Amino acid sequence: MRVLFAGTPAVAVPSLDALVKAGFDVVAVLTRPDAPLGRKRVLTPSPVAARAAELGIGVIHATRVDDAVTAQIAAGKPDVAAIVAYGGLIPRAALEVPPHGWINLHFSLLPAWRGAAPVQRAVIAGDDVTGAVTFLLEEGLDTGPVFGTLTESVGPNDTSGALLERLSRSGAVLLSQTLSAVEAGKAAPRPQVGEVSLAPKLTIDDGRLDWMQPALAISRRARGVTPEPGAWTTLAGQRVKLEPVQLRPDRSDLEPGTVRLEEKNVLVGTGSHAVQLTGIQPAGKKMMAAADWARGMASRESVVFE
């Protein structure tokens, strides 16, 4: 079966590899254009584009799928399109090109967390279980019928990055199995059932920690925005980035935002009990151990995050 693969970030690479390994004829890869990365803003191919080059697969670079891109897709005569975190909408004209449609691997248990940041929103919300589904792509936002489902427990220390890495690998197997079922004529997608929730793309503001919130909510938010866009707070008007925090239910004597160094532990008060910092990156500096940073602040009478 001839397959067009659409994807951009690193979490889509295992799916591309799985389809190639399973023997599907991946006729082309659709991905976002090269993007400037690093301090020197060097134009860099997407992880999917880089992997496609290694595999000798032709690449279609597109910010949006217009008529010209749709014609490029059609030229490959795909029987089906597989899409994993491509990062753009697929219009009706392109959806109609492959006879078997576009099959999307989405990292949530639809209809929960429809949108661009399902894993991040699940962690922030405190979900105990998440997962991934394959579904038939429609013009609506993640509304299509579901082919297959897998579940994944969310651990108390899971960041969205760690959870996505696991789901990208198990989801790759699910996607390959789904395409095999489609090829064999045994796929039977079912309408989505359940409560709908939305997962819009995260912004920098989503990473700001509100010390008036309970410690558990702060921990969930910090883990949900790690690695991107990253958790942060402000100190003396400057933004400082934080790694995920640890819960300290044994300490409830600190006011929200108040920082205290005790031996090698850096505690911060919240709306409930304290949390313990693990790593901090002051403005203009590299990430460092919280204790190392706190020792440099020891001369100050008080340190309070804003």
Side-chain angles (χ1 to χ4, degrees), residues 1-31 46-52 54-57 78-87 90 98 100-123 127-137 142 144-155 158-194 199:
M1 187 161 65
R2 296 171 64 83
V3 179
L4 169 80
F5 184 83
T8 297
V11 293
V13 172
S15 288
L16 175 58
D17 285 341
L19 297 186
V20 171
K21 184 178 180 180
F24 290 104
D25 182 10
V26 180
V27 295
V29 160
L30 171 67
T31 191
S46 74
V48 166
R51 183 58 180 146
E54 293 173 349
L55 294 169
I57 301 172
D79 299 306
V80 68
I83 181 168
V84 186
Y86 162 62
I90 309 300
H100 293 294
W102 292 61
I103 296 176
N104 194 164
L105 172 64
H106 183 78
F107 299 117
S108 83
L109 299 176
L110 291 175
W113 304 123
R114 292 175 175 171
V119 174
Q120 296 89 332
R121 297 293 180 182
V123 174
D127 291 359
D128 294 322
V129 177
T130 185
V133 302
T134 49
F135 72 96
L136 186 64
L137 198 64
D142 300 335
V146 172
F147 288 100
T149 301
L150 64 86
T151 59
E152 178 76 31
S153 296
V154 182
D158 269 336
T159 63
S160 63
L163 194 53
L164 263 171
E165 196 280 331
R166 297 203 303 272
L167 286 170
S168 72
R169 298 188 182 281
S170 56
V173 176
L174 176 64
L175 181 62
S176 180
Q177 292 173 339
T178 299
L179 263 62
S180 293
V182 169
E183 185 176 29
K186 297 180 179 179
R190 302 175 304 279
Q192 296 180 25
V193 177

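Note that the structure is predicted; figures quoted are calculated from it, not measured.
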Exercise: identify the closest heavy-atom pair between [X] and [Y]:
X	Y	answer
Ile57	Val27	CG2-C, 4.4 Å
Ala18	Ala172	CB-O, 3.7 Å
Pro189	Pro145	CB-CB, 3.7 Å
Ala85	Pro9	O-CD, 2.9 Å
Leu4	Pro78	N-CB, 3.9 Å
Gly7	Ala12	CA-CB, 4.2 Å

Is [Y] close to [X] at the side-chain level, that is, under 4.5 Å between some pair of heavy atoms?
X	Y	answer
Leu163	Val123	yes
Asp17	Arg51	yes
Leu150	Val133	no
Ile103	Leu175	yes
Val11	Glu165	no
Thr31	Phe5	no

For the backbone of [Y] and the side chain of [X], can you confirm whether one donor and one acceptor N or O come within less than 3.5 Å of each other?
X	Y	answer
Gln192	Leu109	no
Thr134	Gly148	yes
Arg114	Asp142	yes
His106	Trp113	yes
Asn104	Phe135	no

| request: May I have the step-by-step check of side chain to side chain contact (heavy atoms under 4.5 Å, CB included) for Val84 and Val13, ending in yes or no? | output: CA-CA 9 Å; Val84 186; Val13 172; over 6 Å; no

Tell me, please, which residues at least two apart from [X] pass salt bridge (Lys or Arg N to Asp or Glu O under 4.0 Å).
X	answer
Arg121	Asp206
Asp79	none
Arg166	Glu152, Asp158
Glu183	none

| Going through the distances and angles, do Val3 and Leu179 end up as a side chain to side chain contact (heavy atoms under 4.5 Å, CB included)? | CA-CA 9 Å; Val3 179; Leu179 263 62; 4.0 Å; yes

Which value, rounded to the nearest 0.5 Å, describes the distance between [X] atom [atom1] and [Y] atom [atom2]?
X	Y	atom1	atom2	answer
Leu167	Leu105	CG	CG	8.5 Å
Ser153	Asp127	OG	CG	11.5 Å
Thr151	Asp128	OG1	CG	12.5 Å

| said: Would Thr130 and Phe107 count as a side chain to side chain contact (heavy atoms under 4.5 Å, CB included) here? Give the steps. | reply: CA-CA 8 Å; Thr130 185; Phe107 299 117; over 6 Å; no

| query | Of all residues at least two apart in sequence or in a different chain, which pass the side chain to side chain donor-acceptor pair (under 3.5 Å) check with Ser168? | reply | none

| task | Using the test side chain to side chain donor-acceptor pair (under 3.5 Å), find all partners of Trp102 that sit at least two apart in sequence or belong to another chain. | result | none

| Going through the checks in order, is the side chain to side chain contact (heavy atoms under 4.5 Å, CB included) test met by Val29 and Leu16? | CA-CA 9 Å; Val29 160; Leu16 175 58; 4.2 Å; yes

